[in-house]
Protein chains: 2
Amino acid sequence: MPELASPERVETLSDQVYAELRKAVLAGAFVPGQRMTIRGLAAEMKVSATPAREALNRLVAEGGLEYGPGKTVRVPAITAAKLDEIYLVRVPLEGTAAELGAARLGSRGIAKLEAFVERHAAALDRGDFRASLRENQGFHFTLYGAAERPLLMQVVEAMWLRIGPMMHLLYPTFEANRSGLRNHLAAIEAVRAGDGAALRRIVEKDLLEGRATMLRALAGQAPGNLGDAA
Amino acid sequence: MPELASPERVETLSDQVYAELRKAVLAGAFVPGQRMTIRGLAAEMKVSATPAREALNRLVAEGGLEYGPGKTVRVPAITAAKLDEIYLVRVPLEGTAAELGAARLGSRGIAKLEAFVERHAAALDRGDFRASLRENQGFHFTLYGAAERPLLMQVVEAMWLRIGPMMHLLYPTFEANRSGLRNHLAAIEAVRAGDGAALRRIVEKDLLEGRATMLRALAGQAPGNLGDAA
DNA sequence: CAGTGTTGTCTGTTATAACAAACACCATTG
DNA sequence: CAATGGTGTTTGTTATAACAGACAACACTG
């Protein structure tokens with residue numbers, strides 16, 4: 001037996017299209033209201049309609065995309081109510097994930113968190129917004145991932161997927177990002193101190209500040225909202 | 001214009017198969033470890049492979065089914081760790097949903113809850129286990145649904161979907177169901193009193209008692225577990 | 001009798017074609 | 001010039017066929 005590599009797990013075309021699409025949504029690559037077509041996606045990814053359709057439907061089932069009028073698929077529009085609801089779920093779950101994760105992060109894990117904070121700061125310094133989002137995301141997911149609770153993680157990721165398209169709202173607000181950075185530093189301190197309750201409070205604060213920033217941006221610059229509110 | 005009926009919302013075959021399958025999983029109609037094939041489902045529902053495959057994949061994306069070795073689809077197996085994780089999510093979210101729902105239930109809503117409790121009791125009295133599960137589910141979903149938070153509801157439903165296949169574990173334990181009934185009565189009292197905090201505590205108690213019952217049943221009668229733990 | 005190779009069936013995957021509905025555009029008509 | 005009709009294109013939906021891999025059974029061979 002020359003190779004021990006995974007005997008299962010064949011990456012199907014559907015999986016690849018889905019993964020690509022998901023990554024794009026998570027990174028905020030699409031603007032809310034944007035319509036996506038099966039054949040359009042298929043052509044772009046050089047596959048037939050079947051895998052494209054499947055990837056689209058899978059993402060809709062997960063909540064990253066939604067059905068518009070008829071059966072067109074589009075990037076969900078933003079409303080304050082939806083944003084509130086997302087945080088209604090995020091706050092308790094990510095608080096829990098952080099607490100559980102902190103207990104399992106070794107010094108190795110803490111070092112990874114510090115590296116994320118460092119790159120996050122650097123990205124902000126050079127004004128690279130996309131990179132700062134990526135590092136922010138990496139920090140959170142590393143912390144939560146240490147909890148090794150796949151279901152919890154899956155639900156949290158589903159929430160981030162919905163937040164993705166809202167990210168473009170934050171482009172102008174670098175101060176909020178700076179504040180997030182400070183929260184991350186405080187979180188690392190709490191992890192070091194082994195103070196789970198404090199960590200939860202800090203994570204909640206971090207999330208709620210982000211929520212406030214988004215709500216402000218939403219109220220400010222989106223009187224004519226993109227996409228339908230349905 | 002002779003008819004004002006919904007001009008959108010065409011129920012596709014995929015939707016129908018999906019809805020049917022989802023209902024079955026939620027009702028605990030499948031035993032964990034059971035394998036399902038695309039063509040088998042297609043034949044049973046008298047459709048071609050395409051809608052069957054789509055329904056299956058949609059349910060997998062939602063977490064109600066899972067991929068086994070290769071790419072076979074099966075009903076997820078039960079482990080204590082998974083059960084714990086489900087409740088890690090359920091407890092805070094359903095507590096929140098209950099609190100929000102209670103504030104919006106009118107006397108009309110309270111009457112509906114009472115009706116569920118009454119039918120629940122009747123089902124237990126005549127030993128109709130399936131009906132008792134249905135009434136229990138109806139009680140919870142009515143309470144949560146009043147909150148009118150579709151996203152919160154969606155996440156909660158996804159959790160119930162995973163619990164569905166475990167329901168058969170509870171067949172013998174009618175006492176636990178009786179206890180659940182008492183919790184529901186207490187919940188109605190808390191709703192009447194407008195005491196959200198108390199309601200949350202009662203809901204949490206209800207859930208954790210159910211969790212304990214399931215863990216006990218799992219430890220007792222499943223040394224040789226069905227399906228793979230993967 | 002044990003082992004091995006072959007074959008047939010069943011699996012999911014993917015591309016494709018036929019279909020109906022929705023939509024937009026454009027020409028024709030009032 | 002405005003309204004209306006038709007037409008062609010694009011949409012998602014579904015069935016189907018071709019395909020490759022997995023698996024089991026069975027027969028053949030040692």
Side-chain angles (χ1 to χ4, degrees), chain A residues 1-22 30 33-76 227-228 230, chain B residues 1-22 30 33-76 227-228 230:
Chain A
M1 48 181 88
E3 46 184 87
L4 306 176
S6 67
E8 321 190 350
R9 277 318 110 201
V10 282
E11 268 270 304
T12 69
L13 283 184
S14 290
D15 292 338
Q16 292 172 33
V17 175
Y18 165 76
E20 203 67 31
L21 203 55
R22 187 178 205 276
F30 300 126
Q34 187 171 140
R35 278 211 304 277
M36 315 207 53
T37 68
I38 293 174
R39 286 173 175 91
L41 180 63
E44 197 168 335
M45 305 278 284
K46 307 280 196 178
V47 297
S48 86
T50 306
R53 173 176 160 79
E54 174 158 330
L56 243 12
N57 281 325
R58 219 162 131 186
L59 223 49
V60 169
E62 218 177 338
L65 298 174
E66 70 175 10
Y67 293 131
K71 267 298 185 114
T72 65
V73 170
R74 63 179 180 188
V75 181
D228 204 10
Chain B
M1 48 184 86
E3 47 184 85
L4 307 177
S6 68
E8 321 189 350
R9 277 317 109 202
V10 282
E11 269 269 304
T12 69
L13 283 184
S14 290
D15 292 339
Q16 292 171 33
V17 175
Y18 165 76
E20 202 69 30
L21 204 55
R22 187 178 204 277
F30 300 126
Q34 188 171 138
R35 277 208 306 277
M36 316 208 51
T37 67
I38 293 174
R39 286 172 175 93
L41 179 63
E44 197 168 333
M45 305 279 283
K46 307 277 196 180
V47 297
S48 87
T50 305
R53 172 177 161 78
E54 174 159 331
L56 243 11
N57 281 325
R58 221 163 130 186
L59 223 51
V60 169
E62 218 177 339
L65 297 175
E66 70 174 11
Y67 292 131
K71 268 297 184 114
T72 65
V73 170
R74 63 178 180 187
V75 180
D228 205 10

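Per chain, numbering begins at 1; letters A, B, ... match sequence-line order.
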Exercise. Is the closest side-chain heavy-atom distance between B/Arg53 and A/Glu54 below 4.5 Å?
Worked result: yes
Exercise. Got A/Asn57 and B/Asn57 here, is their nearest side-chain heavy-atom distance under 4.5 Å?
Worked result: no
Exercise. Residues from residues 37-59 of chain B sitting under 4.0 Å of DNA chain C, heavy atoms only?
Worked result: B/Thr37, B/Ile38, B/Arg39, B/Arg53
Exercise. Which distance, rounded to the nearest 0.5 Å, do you find between the CZ of B/Phe30 and the CG of B/Leu21?
Worked result: 5.5 Å
Exercise. What is the distance from atom CD of B/Glu44 to atom CE of B/Met36, rounded to the nearest 0.5 Å?
Worked result: 7.0 Å
Problem set entry | N/O (side chain, A/Lys71) to phosphate O (OP1/OP2, D/dT13) under 4.0 Å | yes
Exercise. Distance check: side-chain N/O of B/Ser14 vs OP1/OP2 of D/dT14, anything under 4.0 Å?
Worked result: yes
Exercise. Hey, are A/Asp15 and A/Arg58 close enough for a salt bridge, meaning a charged N less than 4.0 Å from a carboxylate O?
Worked result: yes
Problem set entry | Among C/dT14, D/dT14, D/dT13, the one nearest A/Leu13 by side-chain distance | C/dT14
Report the distance from atom [atom1] of [X] to atom [atom2] of [N], rounded to the nearest whole Å.
{"X": "B/Met36", "N": "C/dT11", "atom1": "CE", "atom2": "P", "result": "12 Å"}
{"X": "B/Arg35", "N": "D/dA22", "atom1": "CZ", "atom2": "P", "result": "15 Å"}
{"X": "B/Tyr18", "N": "D/dT13", "atom1": "OH", "atom2": "C1'", "result": "18 Å"}

Seminar exercise, completed: Between B/Leu56 and the options B/Val17, B/Thr37, B/Leu41, the side-chain contact (heavy atoms from CB on, under 4.5 Å) test singles out B/Leu41
